[in-house]
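Below, read A as the first sequence line, B as the second, and so on, with proteins coming before strands; counting in each chain starts at 1. None of the values given here were measured: they were computed from a predicted structure.
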There are 2 protein chains.
Amino acid sequence: MKEITSQQQRVLDCIQIYLNKTGFPPTRADICRELGFKSPNSAETHLRALEKKGFISIESGASRGISIIGNSDLSSNMDNNYPVIGLVAAGSPTLAEENIENKISCPDDFFSSSFDYFLKVKGLSMKDAGIMEDDLVAVKKTHDVKNGDIVIARIDDEVTIKFLNRKSPKIVELEPANDDFQNIIVDLEHEDFTIEGKSVGLLRRN
Amino acid sequence: MKEITSQQQRVLDCIQIYLNKTGFPPTRADICRELGFKSPNSAETHLRALEKKGFISIESGASRGISIIGNSDLSSNMDNNYPVIGLVAAGSPTLAEENIENKISCPDDFFSSSFDYFLKVKGLSMKDAGIMEDDLVAVKKTHDVKNGDIVIARIDDEVTIKFLNRKSPKIVELEPANDDFQNIIVDLEHEDFTIEGKSVGLLRRN
DNA sequence: TATTATACTGTATATATATTCAGTATTTAT
DNA sequence: ATAAATACTGAATATATATACAGTATAATA
């Protein structure tokens, strides 16, 4: 990255401020208006200098086709929109559009492991593990689960969140964290059982 | 905010994805290309519907003058580093540097209300409220608290997190959410009592 | 039943916008 | 000493783009 001149810095700042204000980049004319230039070519040449030095990129031919490079902590941060899924019974695919209640913007590295969606918890079967109704459990879609993990499992058409406990190659036990609920024993030979994923974190919004 | 249709959601997602990819919003033609529409008016009408419902704003006459409302990955939704504070006894100021265990980058609008720091919970006195050891409670520094709020309070040199229950102008009761613990009754006339803030959310990282 | 919202295709056009060309002047490298 | 980069004005233009207009069709409301 080469050295930037003070005027070029003013133009770069102008682009960033315009972006923060409007949500889209400025035109040459916009930059002129903001900085008091009288010719669009003033903005143009500054933009080309900034491009040459690697501060911005310019999409040829596109209007407002300016984007600021290396801006990871500002506008183009590592946030992603993660869907919030309700605990749905009927065996519809978990991430089907109709199940998405809303989306939450969240850094990708927010939990110890990457994750795929938030599961909105129904019921209190895991309350002794501190998982309450309407809590959002960060779920990583994986089959790599160990005994003791909090897993999201599907038995036939029922989706549930429980502690995993493999008893034998053919028997899986799902343990709630609430004395009012009973263990679920799954016979893998006779029941349709799938591990959707496991919990890697939890989010509660009062 | 009115209800969004699935096609309108596709268009909204398309705008967000285009923004993440290029750094500037799409044109009507871009949206058509991405979603397979054959007429720019298809994009136009969807955009106007999204505008009418309050999901986006459109700058009249401006090319690519689309900005997503609320979500705003660009301006207000900047991530911030929030300190993680341990439940410290000795009456040192809560945000003093020596108490900061680490920092967590998190969007400013992550919880229903803005907040100031994460409190790392010690003990299980709030376990029936789903607050477990080492959970991170998002704390908003405020004195505007109501009965039933989960508050972070200081009695003399002791900091604690409990349910608030004002019994009278002179008596405050702090209620744990665990039968093994007893209510704390504070006499405001004889004890040094401060409300540090209240819980506005919770974060658990497995 | 009429009306409005949704969901499109297809054509047309005013204008918003990038971009080139022609200058002038100052400063910085080689 | 000469070239190259910086820092502008001013005018011209091809085209990128928003947007209106004319249709068709279906589902949801009133």
At under 4.0 Å, does any side-chain N or O of T5(A) touch on OP1 or OP2 of dA7(D)? yes

Starting from P on dA11(D), measure out to CD on E44(A) and report it in whole angstrom. 18 Å

Round to a whole Å and report the spacing from NE2 of H46(B) to P of dA18(D). 17 Å

Taking only N and O in the side chain of R48(A), is any of them less than 4.0 Å away from OP1 or OP2 of dT19(C)? yes

OH on Y18(B) to CD1 on I31(B), rounded to 0.5 Å: 9.5 Å

I need the NZ-C1' distance between K52(A) and dT6(D), as an integer number of Å. 11 Å

Presence of S42(B) side-chain N/O under 4.0 Å of dT9(C) phosphate oxygens OP1/OP2: yes

Should R28(A) be listed as having a side-chain N or O under 4.0 Å from OP1 or OP2 of dA18(C)? yes

Could you check whether the rings of F118(A) and F111(A) sit parallel, tilted or perpendicular, using 30° and 60° as the cut-offs? perpendicular

Whole angstroms only, please: what is the CD1-P distance between I31(A) and dA16(C)? 18 Å

My understanding is that only one of D135(A), D134(A), T160(A) makes a side chain to side chain donor-acceptor pair (under 3.5 Å) with K122(A); could you say which? D134(A)

Identify which nucleotide among dA11(D), dT19(D), dA7(C) has an atom closest to any side-chain atom of P40(A), counting heavy atoms from C-beta outward. dA11(D)

Between dT24(D) atom C1' and F37(B) atom CZ, what is the distance in whole Å? 17 Å

With nearest nucleotides of DNA chain C determined for P26(A) and G36(B) from heavy-atom distances, which residue corresponds to the more 5′ nucleotide? G36(B)

Atom-to-atom span, CD of Q8(B) to P of dC8(C) - whole angstrom: 10 Å

Looking only at dG10(C), dT6(D), dT6(C), the nucleotide nearest the K53(B) side chain is dT6(C)

Under a 4.0 Å N-O cut-off, is there an ion pair linking K21(B) with E34(B)? yes

Atom CD of Q9(B) and atom P of dA7(C) are separated, to the nearest Å, by 12 Å

For F24(B) and dA16(D), what is the distance between atoms CZ and P respectively, to the nearest whole Å? 14 Å

Could you list by number each residue of residues 58-66 of chain B showing a heavy-atom separation from DNA chain C of less than 4.0 Å, or answer none if no residue does? G61(B), A62(B), S63(B)

Would you say the base of dT9(C) and the side-chain of N41(B) have a donor-acceptor pair closer than 3.5 Å? yes

N183(A) side-chain N/O to E175(A) backbone N/O, donor-acceptor pair under 3.5 Å: no

For a quick test of reading the model, state the closest non-hydrogen atom pair linking I66(B) to F24(A) and the distance between them. O-CD2, 3.7 Å

Do D30(A) and R33(A) meet the salt-bridge criterion of a basic N to acidic O distance under 4.0 Å? yes

